[in-house]
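Computed from heavy atoms alone, side chains included, the values below leave out hydrogens, waters and symmetry copies. Each chain gets a letter, A, B and so on, in the order its sequence line appears, and its residues count up from 1.
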Amino acid sequence: MSQTDTSTQAGTPTAAVPAEPVLEIRDLSVDYGFGDDPTHVLREVSLTLHRGEVLGLAGESGCGKSTLAYAATRLLSPPGLITGGEVWLTGRDGKRADLLSLSDAELRAARWRDIAIVFQGAMSSLNPVFRVERQLVDGILAHRPGMRRAEATERAAELLRLVGISADRLRSYPHQLSGGMRQRVMIAMALALEPQVLIMDEPTTALDVVMQRQILEQVMELRERLGFSVVLITHDVSLLVEVADRIAVMYAGEIVETAVARDVYTKPRHPYSAGLLGSFPPLHGPRRELTGIPGSPPDLSKRPPGCPFAPRCAHAMDVCRTELPVLGRTAQAEEGRLVACHLHTSGLVDGVLPGLLAR
Amino acid sequence: MSQSTPVLAAHGLTKHFRAGGRRIAGRPPARAIHAVDGVDLELHRGQVLAVVGESGSGKSTVARLLAGLIPITDGRVLLDGAEVRVRGRRAFRAYVRRVQMIFQDPFASINPVHPVRHTLTRALRLHRRQSTGGTLRGAELEEALTELLERVHLTPAERYVDKYPHELSGGQRQRIAIARALAADPEVLLADEPVSMLDVSIRLGILNLLADLRDRLGIAVLYITHDIASARYFADRTTVLYAGQVMETGDSESVTQEPLHPYTRLLVASAPDPDDLAGAGAAAVRDQGTGGEPPSLVDPPPGCRFAPRCPYARDLCRRETPELIEVTPGRSAACWGYSDREDRPEVGRVSTGSTRGGEAGA
Amino acid sequence: MNNQLMFLRNGKVTAGLVILGFFTLLALLGPWVAPYDPNQVSDALLSPPSAAHWLGTDHTGRDILSQLVVGTRGVLVVGLVAGVSATVVGVLVGVTAGFVGGVGDESLSALSNMFLVIPQLPLIILIAAQLPSAGGLTVALVIGATGWAWGARVLRAQTLSLRKRDFVEAARANGERTWRLVLVEVMPNLTAVIASGFVGTVTFAVLSQVTLSFIGITPVSEWNWGTILFWAQNNLALQRGAWWWFVPAGACIALLGMALTLVNFGIDEIVNPRLRSTGLHARSLRRRGIRPRVGFTPVVREARS
Amino acid sequence: MRFLLRRVVFYALTAWAAITINFFIPRMLPGDPVTALLGRMQGRIDSRAENSLRVLFGLDQDTSLWQQYVDYWGLLLRGDLGLSFTHFPTPVADIVSQSLPWTVGLVGVATVIAFVIGSLIGTFLGWRRGTWADGLLPAATFFQAVPYFWLGLITIAVFSVNLGWFPSSGSYDRGMVPAFTGEFIGSVVYYGFLPALTVVLSSVAGWVLGMRNMMVTVSSEDYVTVAHAKGLPERQVMFGYAARNAVLPQVSSFALSLGFVVGGTLIMEMVFSYQGIGYTLFQAVSTHDYPLMQGCFLVITLSVLVANMVADLAYALLDPRTRTEDR
Amino acid sequence: GGGGGGGTTETEGGGETLTVGMPNGVQTENHSPFATGSSALSLGYAFVIYEPLMMRNQARPSEEPSPWLAESVEWNEDFTEAVITPREGVTWSDGEEFTADDVAFSIQLRKDFEALNTGALPYDTIETDGGTVTVTFTAGQFVNQAKLYDLVMVPEHVWADIEDPTTDTNPDPVGTGPYTLKSWTPQAATVVARDDYWGGEPAVPEIRYSSYNDNNALTTALTTGEAQWGWTFIADFENVYIAQDPEHYHQYAAGGLGIDVLYLNNETKPFDDKAFRQALNMVIDRQELVDVATSGVNPALTSVTGLPLPAGEEFLAEEYAGEEFEVDVEGARALLEDAGYTWEGEKLVDPDGEEVTFELVNPAGWNDYLTALDLIKNSAAELGATAEVNPVNQDGWFADIIPGGDFQATLHWTDGGATPWDMYSDIMDGAHYKKLGEPATWNFGRFQNEDATRALADYAAAADDATRTESLATIQEVFVEEVPGIAIWTRPATAQYSTQNYVGWPSEEDPYNQPQPTGVQAAQILMNLEPADG
Ligand SMILES: Nc1ncnc2c1ncn2[C@@H]1O[C@H](COP(=O)(O)OP(=O)(O)OP(=O)(O)O)[C@@H](O)[C@H]1O
Ligand SMILES: Nc1ncnc2c1ncn2[C@@H]1O[C@H](COP(=O)(O)OP(=O)(O)OP(=O)(O)O)[C@@H](O)[C@H]1O
Ligand SMILES: [Mg+2]
Ligand SMILES: [Mg+2]
Ligand code: NI
């Protein structure tokens with residue numbers, strides 16, 4: 001086990017936890033497979049997004065981040081199946097609705113207007129046979145039936161300028177744009193109706209760092225201006241620490257820790273979060289020794305009982321192997337932090353906690 | 001810095017791809033993609049050289065040129081100081097016995113239809129001889145196989161030899177790929193983004209493995225990445241590529257902490273850095289208007305390739321291509337700012353890292 | 001999961017294989033299990049199905065069931081030979097073109113595109129009609145010689161993409177010989193594509209041969225289902241109301257073709273996993289009232305298993 | 001532009017190859033037209049007349065194959081396809097131009113109908129995957145494998161002989177003389193209905209299956225999910241996004257399948273006594289009428305080539321990527 | 001519907017249109033009465049536009065021909081000269097008068113253009129002498145008289161200007177016949193009755209010649225009534241055709257003198273042995289053959305001479321009158337035994353100790369022939385001989401097998417003609433003899449018998465009936481004794497017609513000519529038709 005000594009001081013949280021939730025995911029469960037033996041990918045996941053907030057969703061590949069995002073919008077493709085839970089979305093008009101029990105028409109209406117999503121494969125999210133213009137416009141017109149085409153086109157041009165692309169690109173086909181531009185077109189498209197919530201699933205993984213920064217900064221800037229909330233999904237924790245207000249760490253289909261971004265970085269509570277942070281080298285500051293996490297992620301279709309991280313956890317106790325920890329407050333009852341780990345939730349004495357996790 | 005002759009060195013390495021599909025016989029290629037233009041590299045035993053640069057900067061092309069997989073347009077590759085000519089299969093095999101490549105994507109670089117045993121024994125039989133001289137087989141082969149798997153920490157070996165790639169995790173696959181490269185007992189490993197496709201938690205294992213091989217076996221490693229932080233962590237020296245040309249080279253620590261070239265600065269500033277929450281360094285560079293995209297590699301204009309995006313660029317930069325200039329011992333940058341020309345631009349000495357070191361440090 | 005088992009779990013494939021197996025058995029045992037000699041003339045001229053002749057007799061009193069049974073071999077052999085020869089040529093041309101690239105690729109794909117564009121059946125008729133004896137095997141070879149292009153084209157595309165895959169490059173970087181690259185590294189990855197091309201060609205070959213027999217270009221003495229239809233048509237089976245003479249052979253052809261298509265489905269589903277999932281569980285989904293849709297994930301709040 | 005140029009070069013090459021194959025095949029193989037002609041007449045021609053026929057057909061002079069080839073090209077370039085043996089002395093060009101429009105019309109219309117209907121059904125099946133609609137698949141595979149002629153003959157037996165709803169043969173009322181009148185066109189449609197129906201019936205299944213598979217593949221593309229996420233109406237997603245992209249590979253296989261379609265037509269024309277080019281070719285083949293054979297095959301190939309070019313163009317129109325990229 | 005009964009449409013003249021169907025596929029516009037395969041010949045409308053010199057009754061070949069465009073044709077003693085007297089008062093359809101010059105010109109055309117001389121008549125001189133035309137030949141034409149009678153006449157004033165009559169398509173046909181061309185499409189040609197025809201006005205005002213792609217399509221058209229006159233082989237015609245409308249549908253098979261023969265290769269085993277040829281001839285059941293293979297259409301041969309009866313009645317040698325074929329397996333076996341054959345088990349072994357096996361070939365697709373071969377195979381089995389039926393490629397059969405004698409046994413037809421000479425000559429004439437492998441025009445079985453060869457030559461050259469009778473008796477004797485080939489069945493001219501609208505067709509009861517629409521007899525038949533009552 002390792003010890004980094006980056007910081008002992010918690011920086012003040014960038015934002016005090018705002019009171020008003022826009023998106024509340026409660027006990028969402030998702031299965032893959034229609035057969036008799038489906039894979040339970042998400043198990044009663046709960047997550048709250050507040051107004052104006054950037055919530056980072058971190059976790060390694062395959063832990064169910066995208067699944068969560070897609071399920072919350074009911075966009076999961078077959079064989080995905082939502083087997084339980086609620087997704088409460090507060091619309092612009094202040095009405096709250098459970099996305100999972102809306103009718104098709106209501107859901108269609110809510111989509112894009114209240115909740116928009118930028119996909120993981122944003123490079124392939126544009127229809128290759130239509131011009132950018134058409135793809136921007138049809139989304140607008142679908143929700144604003146009264147609008148004239150010319151107006152919609154005008155709006156589309158405006159959106160492109162918003163993300164830093166000149167309006168004459170409207171006449172381009174997707175393949176004529178570079179990866180970064182396509183990504184930005186997608187973001188522009190997602191912002192077309194000024195939604196309440198913008199979900200971005202690894203919007204920059206395929207891009208290089210320079211481009212990544214450009215795009216993310218643009219989004220953050222727009223957020224300031226337009227005041228929407230963002231769910232940002234990535235497995236690049238260092239990126240999240242930098243841009244997110246709050247971070248939720250996922251592991252094997254479950255949220256194992258949520259806290260203010262800075263806290264996750266400086267004071268990870270869950271052993272997995274700690275391991276994650278010990279896996280990437282810092283660009284600046286002293287070179288610290290990196291340990292990574294031993295073992296490999298579990299196969300979601302063959303989940304052992306107990307804490308899914310137990311087999312890789314250096315601090316696993318007997319109870320970890322038999323009993324599934326639930327997301328709850330830590331023993332110290334830290335503000336704004338929830339952890340799913342027996343070390344923290346089962347009320348153990350502080351002294352027993354390993355150093356890093358006790359900080 | 002070069003204390004000894006490098007195992008593998010490249011001088012003026014150049015690769016032009018034909019643009020616009022196939023060439024029409026008899027006519028000179030109409031347009032060429034200048035993927036790599038006059039790159040110099042040196043790989044030393046027991047050292048890791050990182051090559052960083054954004055997507056499309058020619059990193060993979062350099063690796064493939066060094067591995068002899070594609071013909072060189074211009075320049076020389078020297079193995080132990082002797083120029084390499086890989087005409088013919090025998091010479092090629094002799095060469096790859098000493099210089100091996102690891103591919104970026106462990107999911108794609110291992111044939112899914114063959115078990116691990118096939119992948120590795122092929123490599124062994126190609127490159128190793130039996131003690132009696134014949135092709136490796138039987139018990140000796142088995143032994144070599146076990147030893148190879150152990151070298152990449154896949155133990156116990158029996159558990160893995162008969163698995164198919166799809167039964168292995170990404171990290172395990174990448175280890176198989178490395179084992180395959182090690183089968184030849186190479187002196188040089190060309191690792192083309194060996195971890196970019198892997199999970200954060202697994203990456204480290206692979207990088208540590210490579211570091212371990214370097215230390216134990218004294219292998220020279222070319223580590224290609226676009227993750228500049230990992231270059232700092234893992235490589236002894238770092239070379240920054242931009243649009244097919246070397247922008248800067250030097251020991252990793254100083255290249256990342258005190259970048260000389262404006263491009264390197266941009267790169268370093270753009271990398272996500274949890275310790276720089278205010279984004280000061282990034283903002284500093286960004287405010288200078290370094291937006292925009294890399295230049296087209298088809299018939300690139302004269303002058304510094306970074307000039308169009310460079311906040312300091314002068315006429316000189318747009319006119320003449322700068323050579324690598326040794327700024328401090330062991331560190332060079334291809335930027336007119338470090339020359340002694342009259343009309344040189346003023347690049348200043350913006351440091352992105354060390355100034356804020358205290359903030360992040362304990 | 002094991003690929004082979006996956007293949008068999010698919011109901012369509014199983015159905016296809018069962019039908020194929022049945023016909024193969026008939027092809028092998030035909031002459032022994034046929035109740036009569038298919039050429040044996042009898043007094044029961046053009047009689048409808050009866051206990052003695054399950055599928056009735058033709059205009060000279062020959063037993064149709066026997067003709068059908070004995071004719072199975074001719075059909076399958078032609079299908080097989082044409083399939084094999086077309087596949088071999090297709091693999092040679094396609095894989096070579098895909099692998100060598102450059103001028104070689106250019107000319108080989110031009111060649112296969114040509115063969116694709118030139119209408120096949122007319123060409124086959126043209127050639128078959130000129131041959132001194134257009135027996136089953138000859139026809140099979142002609143079909144093979146003209147029918148390889150589609151497979152070659154698909155294989156070329158696949159090889160092209162495989163060639164650029166890292167594992168081929170990696171093997172090359174390891175110093176493997178080219179032929180080994182092709183045979184050991186590339187080809188096994190093409191099995192499904194080759195198999196599906198093979199099955200497709202067999203279907204085409206069977207239909208072509210039956211058609212050629214029907215229009216009388218191949219010797220009508222070699223029993224196959226097309227020959228039966230030839231006799232039936234020339235003796236006005238339909239006008240005489242002798243459906244038993246006309247319908248079974250056609251149904252057999254369609255059934256065989258259907259079996260081959262079903263098998264191809266299965267292969268397709270292996271190649272393209274997106275085609276797989278729901279097909280398997282359609283019934284249980286309907287029972288549970290789930291309609292899998294893109295864009296609207298079904299929500300079922302049922303007791304968790 | 002390079003894309004188009006490449007295609008044009010390819011088509012020119014293919015045309016040349018087709019013309020050459022077409023010339024050589026009949027010549028390389030045994031048999032000669034006079035004996036075939038005598039055979040066709042089964043004794044109605046005095047065998048001593050054979051010699052006069054040889055003189056007539058110009059088969060008695062020995063010119064080298066090369067010379068014949070050169071002559072052949074010379075004639076072709078002048079638009080002269082020679083004189084038919086069996087319809088002696090009608091120029092092949094006349095026979096061909098008399099029958100070609102019928103085939104093109106019937107096959108063209110039927111194929112397009114089959115393509116459209118098949119693609120629509122396929123779109124629907126692919127979209128509704130996993131529902132009862134999947135039950136149609138086995139039926140589709142059955143129809144796909146039914147031999148053309150068999151289906152045709154059964155349709156004749158049922159619809160014209162038994163029910164008497166449609167004529168069993170011919171392309172229009174034999175009492176009519178072609179003209180652009182409503183009556184005549186009505187007759188053409190009436191006579192073309194059954195043949196077209198069989199063409200559609202036996203080829204529609206292929207399009208259904210192809211389109212369904214493509215729909216399934218395309219439905220899981222990101223841009224389709226995006227379209228849903230945008231809250232677009234289902235029809236718009238289904239047709240504008242999914243089907244619009246799924247149809248692209250269909251279009252290119254449509255082009256390539258034309259060769260097969262023409263093959264099928266040949267049989268259809270035989271069965272329905274339709275006066276098309278396919279049947280003419282078959283007739284020419286069985287009588288060793290080289291000039292006619294060559295003419296028909298040539299024209300068939302060239303029409304398939306032209307259709308391919310049209311489909312290529314359509315593809316280029318439908319898929320903006322081909323317009324700028326090479327290949 | 002359009003199919004059923006749609007073919008009968010009222011024409012302006014009041015009568016019904018008569019639809020003739022032919023199974024010859026799509027046509028190209030060519031009204032030439034000369035060009036083989038022209039639509040006019042193929043569909044048959046040439047024969048209602050152009051007419052022959054004399055009208056023969058092909059159903060009764062021995063009957064004297066009746067005058068048609070010629071009042072008479074007189075032959076000299078040795079049949080080397082014919083004097084033709086044209087009919088008076090005949091006009092061409094363009095109004096010009098039909099004259100002796102037209103006759104001379106029409107014959108001269110055949111002489112000048114070898115390609116038009118399909119009868120291969122050895123013309124010498126053609127001269128007009130006032131109202132008559134005298135044609136001389138380089139050899140006696142007794143057996144070829146019919147070929148001269150059948151020549152159709154074309155107008156000199158039209159054809160004289162035509163540069164190459166062999167290739168001319170005769171776009172605007174002018175003839176003496178009862179009809180003129182009205183319209184032409186690739187599917188059908190329509191002709192209408194002339195009102196100035198020399199023989200009076202025909203009852204059928206309009207005839208449509210429809211083309212069908214094959215026998216089946218035509219059969220369907222005939223059974224549905226779409227076509228009312230045609231000829232094709234309809235298997236089981238009673239059920240398939242007649243039964244559809246027993247009152248009106250008829251099929252008439254007019255037996256001529258042509259037959260189908262199983263040619264036996266007289267120069268290879270086993271048919272080089274007369275005994276085996278005779279034995280096989282004795283076991284073939286000719287009635288079964290016609291019943292099974294031709295659905296009873298072709299009349300069975302009864303006379304041992306192979307002559308079709310009753311057409312050949314008067315040519316029958318006294319010696320063989322009333323002698324009929326009989327299946328006699330016992331007799332055949334006895335005959336074989338006498339000739340030194342033995343049996344090993346059931347297998348027949350020839351005197352050399354070899355098993356007797358042979359191959360029966362015919363083109364694939366020749367349905368009736370192949371069925372017949374199958375039955376013959378079974379008959380041979382009764383003798384213990386093993387036969388095998390081997391369908392071959394049609395072209396190969398025509399090109400190599402038949403002329404080169406590359407077979408053991410194969411079915412082939414003989415020419416008809418006005419006398420049995422054609423039939424016998426085709427089977428056994430030594431004059432046609434060619435070595436095996438060299439192409440022969442007839443006598444494919446390579447039969448050589450000096451008596452027969454001489455008798456055949458005598459018959460053709462004879463100037464008197466007595467010589468002819470004598471020669472014919474010799475010929476028949478050789479045929480019966482030596483069995484050069486095995487006569488199978490009569491090859492009649494068959495046609496189907498409907499009496500729904502018109503009556504007066506040739507029939508069993510009124511065999512005034514053979515019933516097919518494609519032939520010079522068509523004009524005669526049409527002039528004989530009358531509207532049906534009701
Ligand atoms: N169609 C499917 N059928 C079965 N399992 C699936 C399917 N799609 C995803 N999964 C499984 O669901 C789990 C979660 O997948 P998901 O895509 O949500 O992960 P993720 O966290 O977004 O990963 P990444 O970082 O790679 O995008 C994975 O283990 C994956 O194997
Ligand atoms: N075979 C090829 N033909 C033509 N152009 C090529 C070829 N291979 C690479 N290129 C071009 O050469 C340039 C450099 O490519 P290279 O793959 O070396 O970049 P890279 O630095 O490895 O990028 P990445 O980080 O995305 O892997 C790119 O512009 C690429 O488009
Ligand atoms: Mg994801
Ligand atoms: Mg690369
Ligand atoms: Ni630790």
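Between chain D and the options C:W243, C:F115, C:F214, C:F204, heavy-atom pairs under 4.5 Å are most frequent for C:F214. For the set D:A242, D:P147, D:A157, the count of heavy-atom pairs under 4.5 angstrom toward chain C peaks at D:P147. No other option in D:V226, D:I156, D:L209, D:T225 has as many heavy-atom pairs under 4.5 Å with chain C as D:L209.
Atom CZ of D:F143 has 12 or fewer neighbouring heavy atoms from other residues, nucleotides or ligands inside a 6.0 Å radius.
When heavy atoms are compared at a cutoff of 4.5 Å, C:V247 approaches chain D by way of both its backbone and its side chain. Of the atoms belonging to C:I253, heavy atoms from both backbone and side chain fall under 4.5 Å from chain D. Contacts between C:F296 and chain D at a heavy-atom distance below 4.5 Å involve the side chain alone, from C-beta outward. Only the side chain of D:F10 comes within less than 4.5 Å of a heavy atom of chain C; its backbone N, CA, C and O stay farther away. Contact annotation for D:I154: both backbone and side-chain heavy atoms come within less than 4.5 Å of a heavy atom of chain C. The part of D:L266 that comes within reach of chain C is its side chain, from C-beta onward, which places non-hydrogen atoms under 4.5 angstrom from that chain. Residue contact with chain D, scored on non-hydrogen atoms closer than 4.5 Å, involves the backbone and the side chain of C:T211 alike. Within the 4.5 angstrom heavy-atom criterion, no atom of C:L111 approaches chain D. Looking at C:W150, the atoms closer than 4.5 Å to chain D (heavy atoms on both sides) all sit in the side chain, from C-beta outward. D:V224 touches chain C through its side chain: at least one heavy atom from C-beta onward sits under 4.5 Å away, while N, CA, C and O do not. At a 4.5 Å heavy-atom cutoff, the contact between D:L153 and chain C is made by backbone and side-chain atoms alike.
Taking CG of C:N264 as the start and OG1 of D:T141 as the end, the distance is 11.5 Å to the nearest 0.5 Å.
When all heavy atoms of C:M258 and D:A145 are compared, the closest pair comes out as N-CB, 3.5 Å. In terms of heavy-atom proximity, C:L229 sits nearest to D:F149 at CD1-CE1, 3.5 Å. Residues D:L13 and C:A110 share a closest heavy-atom pair of CD2-CB, 4.4 Å.
You'll find the side chain of C:L207 stays beyond 4.5 Å of the side chain of D:Y148, heavy atoms only. Between D:W150 and C:F246, some side-chain heavy-atom pair lies under the 4.5 Å cut-off.
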